Colleague: 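Okay, here's the structure, questions in a sec.
Remember, it's 1-based here, ligands and their atoms both numbered in the order they're listed. Because the structure is predicted, anything quoted here is derived from the model rather than measured.
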Amino acid sequence: MSTQVETKQFQAETRKVLDIVINSLYTERDIFVRELVSNASDALEKFRHLSLTEQPEFDAHVPLEINIDCDDKKHTLTITDTGIGMTAQELEENLGTIAHSGSGKFIEELAEAAKKDVSLIGQFGVGFYSAFMAAKTVTVQTRSWDGSEGHEWHSDGNGSYTISPCDGLHRGTKIIIELKDDAEEYGQKFTLERIIKQYSTFIPFPVNVEGKKVNTVEAIWGRSKSEITDEEYNEFYKFVGNAYDEPTFRLHFAADAPLAINALLFVPKDNFENMGMGRMEPGVNLYCQKVLIDQHSKSILPEWLRFLKGVVDSEDLPLNISRQSLQDNALVAKLRRVITKRFLKLMAEEAKKDDKKYMEFWKTFGIFLKEGVTSDFEYQKELSTLLRFESSASEAGSMTSLQEYVDRMAEGQNEIYYINGPSRGAIENGPYVEMFKKRDIEILYTLEPIDDFVLSHLGEFDGKKLLSADRADLRLPESTEKNEETQDEAGGEKLAEAVQTSLCKWMKEVLGDKVKEVKPSTRLVDSPAMILNSDGYMTSSMERILATQGKNTQDNPMGMSSKKEMEINPASSLIKKMADLRTKDQDFAKDIAEQIYDNAMIQAGLIIDPQEMVNRNYRILERMSA
Ligand code: ADP
Ligand code: MG
């Protein structure tokens, strides 16, 4: 047996990594603990696997665990595992070189990050070598499971390391770190406990810090569904979601091919964004074999699913991936697609199963699904089946799906209609639904500001166009009533066509640039007038929102126009009176025309000049006969 100490040089690439690690400052150097603990866990896993087939004899009784000890005075940190251990040859291969596949590219990326911003390096897992972020020297004492002679590896990270035989070791590996002066916090128990809880809670072996087990929560996502109780699920939810409520839905699934995925996701009960708490951080953490690689991951789910809590674990992901590269990693994109589709499928099933429960979800989190429709083309089809709106066919307060609307459509109707308004009552008493009511055509009520954007983005459902009832070019399905063309509701006559034409022309002159056109209406029943949009995309509600956001819709790059069309009702007694007044008292008739326009604008939810309107209104009131 030789007792000599051998000094060896690190491989060139390893030296580069060490150089970057040692000569940079870190904001996230906590991760070196994660790296060493996950190496220890890997070594234990390997031993467990091996003992299934090999029946090892040496130290067979030693329990599988990780022990972390520290000395706040001597400033040392020791991480011991009872895993597979390493022979002298393995020591040299594993800790003298970098064996990562694609390590060249990895080092390039790492060096690039170091140049840009040293704090970025902390996001890279640089494996074992990350120990040198905090270590003056690292000593590795290890003995292989086969019982062969133990060895000690030692280095200060500067170009070379030594390997020498070491007596009296048990199976496994002990890593002794002599801490740098500015890294003394890692010699403190509570720092280590905090880091283990953050990154290594779900390691499947006991992790003891100073003899006390720190990882007490089990990674239940790896178990099969049938073995997990509701209580266990709920406890887990509270842990990962930092929550106090109970989840309303959960999705737990595993897949092996084409990707290894274990996902456990929860829908919380409350929406904190609704409660004025500001924008939420994503609530799903990304793991690779139970080791955290991205907390509150922005990459693993689309942004509009930020209300979900839980974990996604994929062993296909490399541990040492940076957060930047997660965002444009093709594998992560695939995971995201699979998980998102699974979630949307679950919600569709739940909606079928229990409408009441689904509606609770919809009221709380529907806004996120709407955001999904407007921001993410990829899932529009799935999302469209989950949307719910009030409708002329639903009772107040209850909602309908687009599919239900389509199922109710009468023959001859090929489009889906909707109209926005501040409330059901306001819509039902307004001009836009008059003809719908009369002809018994269903119309959806979009009561939320975002709704018209959602339906406009969607464009169609089940091959049927989605159209806002304030569109100028709307053509309702042919009427079956014969006398609708010439008579008003009370059977009174409409204005003669020639009178209609000249009245419209005159009103256009009076209103000037405020309207693009004034036309006789075929859609009004009771109201004298209504405002319509000739722009096929914008609705009045969308325009109002853009206006309140300070966006100028007049010279908007999307070509949105604030130019309105006005339709007047040739059967309305007010319109008929105005036509008559025009020949007798021009000025008064003008005031009436302008007032009708303002009233229609108000009914469209659009902005008018209140001062001008009030003054005009007083002038009109002055005309009261005494
Ligand atoms: P990775 O874990 O990605 O392979 P590391 O740099 O973290 O890269 O570790 C390099 C190698 O060193 C590991 O693959 C493993 O073979 C060996 N190793 C590291 N730590 C231990 C340990 N505690 N016990 C046994 N082998 C270890
Ligand atoms: Mg490792």
Colleague: If we set the cut-off at 4.0 Å for heavy atoms, which region of Leu36 has an atom near ligand 1: side chain, backbone, both, or neither?
Modeller: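 For Leu36, no heavy atom sits under 4.0 Å from ligand 1.
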Colleague: Based purely on interatomic distance, does Asn94 place a nitrogen or oxygen under 3.5 Å from a nitrogen or oxygen of ligand 1?
Modeller: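 Between Asn94 and ligand 1, an N or O pair is found under 3.5 Å apart.
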Colleague: Could you go through Ile175 and Thr139, starting from their C-alpha distance and side-chain angles, then the distance that decides it, and tell me whether this counts as side chain to side chain contact (heavy atoms under 4.5 Å, CB included)?
Modeller: CA-CA 6 Å; Ile175 301 192; Thr139 305; over 6 Å; no
Colleague: Report yes or no: is the cationic atom of Arg250 (NZ for Lys, CZ for Arg) under 6.0 Å from the centre of the six-membered ring of Tyr233, at an angle within 45° of the ring normal?
Modeller: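 Yes, Arg250 lies over the aromatic ring of Tyr233.
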Colleague: Short list, please: which atoms of ligand 1 are under 4.0 Å from a heavy atom of Leu95?
Modeller: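 So the atoms of ligand 1 that pass are 12 (O).
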Colleague: Has Asn39 got an N, O or S atom lying less than 2.8 Å from the Mg ion (ligand 2)?
Modeller: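 Looking at Asn39, which is the residue asked about, there is an N, O or S atom under 2.8 Å from the Mg ion (ligand 2).
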Colleague: Is Asp181 salt-bridged to Lys136, going by a charged N under 4.0 Å from an acidic O?
Modeller: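 The answer is yes: the pair qualifies as a salt bridge.
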Colleague: Considering both backbone and side-chain atoms of Asp42, is one of its nitrogen or oxygen atoms within less than 3.5 Å of a nitrogen or oxygen in ligand 1?
Modeller: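 No: no nitrogen or oxygen of Asp42 is under 3.5 Å from one in ligand 1.
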Colleague: Using ring pair (Phe, Tyr, Trp, His ring centres under 6.0 Å) as the criterion, point out the one residue from Phe266, Phe202, Tyr237 that pairs with Trp221.
Modeller: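 In the set Phe266, Phe202, Tyr237, the residue that makes a ring pair (Phe, Tyr, Trp, His ring centres under 6.0 Å) with Trp221 is Phe202.
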Colleague: So is there a nitrogen or oxygen of Tyr129 less than 3.5 Å from a nitrogen or oxygen in ligand 1?
Modeller: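 In fact, backbone or side chain, Tyr129 has no N or O that close.
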Colleague: Is the shortest distance from a heavy atom of Met86 to ligand 1 less than 4.0 Å?
Modeller: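 Checking ligand 1 against Met86, which is what was asked, there is a heavy-atom contact under 4.0 Å.
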Colleague: Can the positive tip of Arg171 be found less than 6.0 Å from the middle of the six-membered ring of Phe47, inside 45° of the ring normal?
Modeller: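 Satisfied, under 6.0 Å and within 45°.
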Colleague: Counting N and O atoms only, with roles assigned by atom type, does the side chain of Glu90 sit under 3.5 Å from a partner on the main chain of Thr87, one being a donor and the other an acceptor?
Modeller: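 Present.
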Colleague: Indicate yes or no: does an N/O atom of Ile84 lie under 3.5 Å from an N/O atom of ligand 1?
Modeller: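 No; the residue has no nitrogen or oxygen that sits under 3.5 Å from a nitrogen or oxygen of the ligand.
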